[in-house]
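Quick notes on the structure that follows.
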Amino acid sequence: MIIKILGASAGGGFPQWNCNCKNCANVRAGKPGFTARTQSSLAISADGKAWVLLNTSPDLRQQINDNPELGARAEDGHRNTPIKAAILTNGDVDHVVGLVNLREAQPLKVYGSSRVLDTLADNSIFNVLNLDNVERRELTMDTPTEIEGVDGSTGITIEAFDVPGKVALYLEKKDAGPSFGTQKGDTIGLKISSSAGKTFFYVPGCAEIDPPLAARIKGAALIFFDGTLYTNEEMLKQGLMPKTGERMGHMSMSGPDGSIAAFSDLDVARRVYVHINNSNPVLDENSEARKAVEAAGWDVGYDGMEINL
Ligand code: MLT
Ligand code: MN
Ligand code: ZN
């Protein structure tokens with residue numbers, strides 16, 4: 001199975017259009033040690049021909065152009081695509097808006113939880129993906145689903161599962177207490193298997209590794225995990241936004257409640273951070289934070305990173 005990071009950044013990208021934090025200013029200025037990243041998405045393929053997108057970011061058009069294996073093929077007629085399906089892990093802008101790039105009557109299948117499919121159904125702009133060509137299929141949690149393209153199986157099977165998280169920002173119910181109206185299915189993780197029997201996990205948003213999640217991922221060969229923030233209060237401390245990671249539904253990398261600590265006894269062979277916010281000090285390749293996560297055995301994901309399982 002080929003796994004490619006199309007975009008390793010969180011919502012907003014790196015640099016973010018309106019952000020002048022230290023990281024964004026440095027990457028914009030081309031300072032060595034800072035590498036731009038597009039918004040959160042992976043592409044996977046069991047055979048190198050049919051591709052499945054894991055989330056569709058607002059940068060998808062650029063990502064397809066940057067990764068020629070995702071572009072239309074010269075030998076396949078006037079209109080074609082190797083992208084056969086897209087799987088959505090939540091309703092975040094950075095994960096669903098890229099769907100509108102996949103219009104032009106191109107047949108495709110879109111998979112998500114009922115909560116996320118309801119969000120698409122409630123937003124008529126997504127009807128540019130003509131429902132006659134683009135079938136939306138619900139992922140039943142905790143049940144392996146063979147991912148079909150338009151012309152048969154992609155050779156990929158996905159088991160989706162609920163993870164602790166928060167409903168998308170634009171769907172928050174302000175009067176619903178600290179959960180903001182979050183329900184099951186608002187944030188899911190994916191266990192992805194190829195027909196050749198290789199398996200990895202993709203959890204780009206996660207508020208906490210609770211015992212069921214820990215049990216599920218223990219001993220895995222590979223995970224791509226929520227790398228939004230290094231510390232819970234970094235956006236406040238940098239004067240960017242009065243929100244903690246906790247408030248956004250993202251656990252931090254560092255600290256006693258962080259992902260580095262949580263994974264320390266889970267025996268996950270390879271761990272890659274994705275959905276990295278532009279405020280995160282690990283984006284400075286010479287920072288102490290970057291050294292600390294690498295010393296703990298983590299990779300900081302980057303656009304174009306490819307892993308073959
Ligand atoms: C998130 O990951 O928390 C969201 O993408 C934030 C946002 O919608 O701006
Ligand atoms: Mn996001
Ligand atoms: Zn920034």
Side-chain angles (χ1 to χ4, degrees), residues 5-31 33-42 53-60 63 87-99 112-113 115-116 119 123 163-174 178-182 186-190 202-208 224-253 259 273-284 287 289 301:
I5 297 183
L6 302 183
S9 172
F14 184 47
Q16 177 173 313
W17 70 285
N18 66 341
C19 190
N20 206 18
C21 74
K22 217 166 117 217
N23 280 342
C24 285
N26 281 331
V27 75
R28 207 174 271 123
K31 192 170 172 197
F34 295 83
T35 305
R37 285 167 170 80
T38 61
Q39 292 167 85
S40 180
S41 174
L42 263 55
L53 300 178
L54 307 183
N55 289 319
T56 57
S57 99
D59 299 321
L60 181 57
Q63 292 166 342
I87 323 291
L88 307 172
T89 64
N90 62 20
D92 280 6
V93 169
D94 47 325
H95 285 161
V96 304
V97 165
L99 281 177
S113 69
R115 283 281 287 173
V116 171
T119 300
N123 285 272
V163 298
K166 183 187 68 62
V167 70
L169 180 61
Y170 59 91
L171 296 171
E172 285 185 1
K173 290 195 168 48
K174 307 294 175 201
S179 77
F180 300 99
T182 300
D186 281 332
T187 308
I188 62 172
L190 307 176
Y202 175 56
V203 185
C206 186
E208 181 201 352
F224 293 85
F225 192 76
D226 184 342
T228 311
L229 302 180
Y230 189 65
T231 50
N232 190 40
E233 297 189 345
E234 73 191 37
M235 292 212 292
L236 283 88
K237 289 196 170 148
Q238 295 179 46
L240 304 177
M241 230 195 4
K243 266 190 190 171
T244 61
E246 230 167 282
R247 167 67 184 79
M248 295 190 302
H250 295 292
M251 66 191 293
S252 302
M253 295 177 175
S259 50
Y273 281 124
V274 290
H275 194 277
I276 304 161
N277 195 55
N278 54 76
S279 59
N280 192 321
V282 303
L283 291 172
D284 174 353
S287 66

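Computed from heavy atoms alone, side chains included, the values below leave out hydrogens, waters and symmetry copies. Counting convention: from 1, in listed order, for ligands and their atoms alike.
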Out of the N/O/S atoms in Asp94, what is the name of the one closest to the Mn ion (ligand 2)?
-> OD2
Taking the Zn ion (ligand 3) as the vertex, what is the angle from SG of Cys24 to SG of Cys19, given to 10 degrees?
-> 120°
N/O/S from Asn278 sitting under 2.8 Å away from the Zn ion (ligand 3) = yes
What atoms of ligand 1 come within less than 4.0 Å of a heavy atom belonging to Asp94?
-> 5 (O)
Do Asn55 and Thr89 have side-chain atoms, one donor and one acceptor, less than 3.5 Å apart?
-> yes
Any side-chain heavy-atom pair of Phe14 and Ile276 under 4.5 Å | no
Proximity to ligand 1 by part of His250, non-hydrogen separation under 4.0 Å = side chain
Are there more than 12 heavy atoms of other residues, nucleotides or ligands under 6.0 Å from atom NZ of Lys237?
-> no
Tell me, which protein residue and heavy-atom name are nearest atom 4 (C) of ligand 1, and how many Å apart are they?
-> Asp92 OD2, 3.1 Å
Phe34 ring centre to Arg28 NZ or CZ under 6.0 Å, with the angle to the axis within 45°?
-> no
Is it true that the side chains of Gln238 and Ser279 contain a donor and an acceptor less than 3.5 Å apart?
-> no
Just need the protein heavy atom nearest to atom 9 (O) of ligand 1, so name the residue and atom and give the distance.
-> Leu169 CD2, 4.0 Å
Asn277 versus His250: any side-chain heavy-atom pair under 4.5 Å?
-> no
Can you tell me if Ser259 and Tyr273 form a side-chain donor-acceptor pair at under 3.5 Å?
-> yes
Tell me which part of His275 gets within contact of ligand 1: side chain, backbone, both or neither, using heavy atoms under 4.0 Å.
-> side chain
Looking at atom 6 (C) of ligand 1, is any protein heavy atom nearer than 4.0 Å to it?
-> no
Calculate the angle formed at the Mn ion (ligand 2) by OD2 in Asp92 and NE2 in His275; 10° precision is enough.
-> 130°
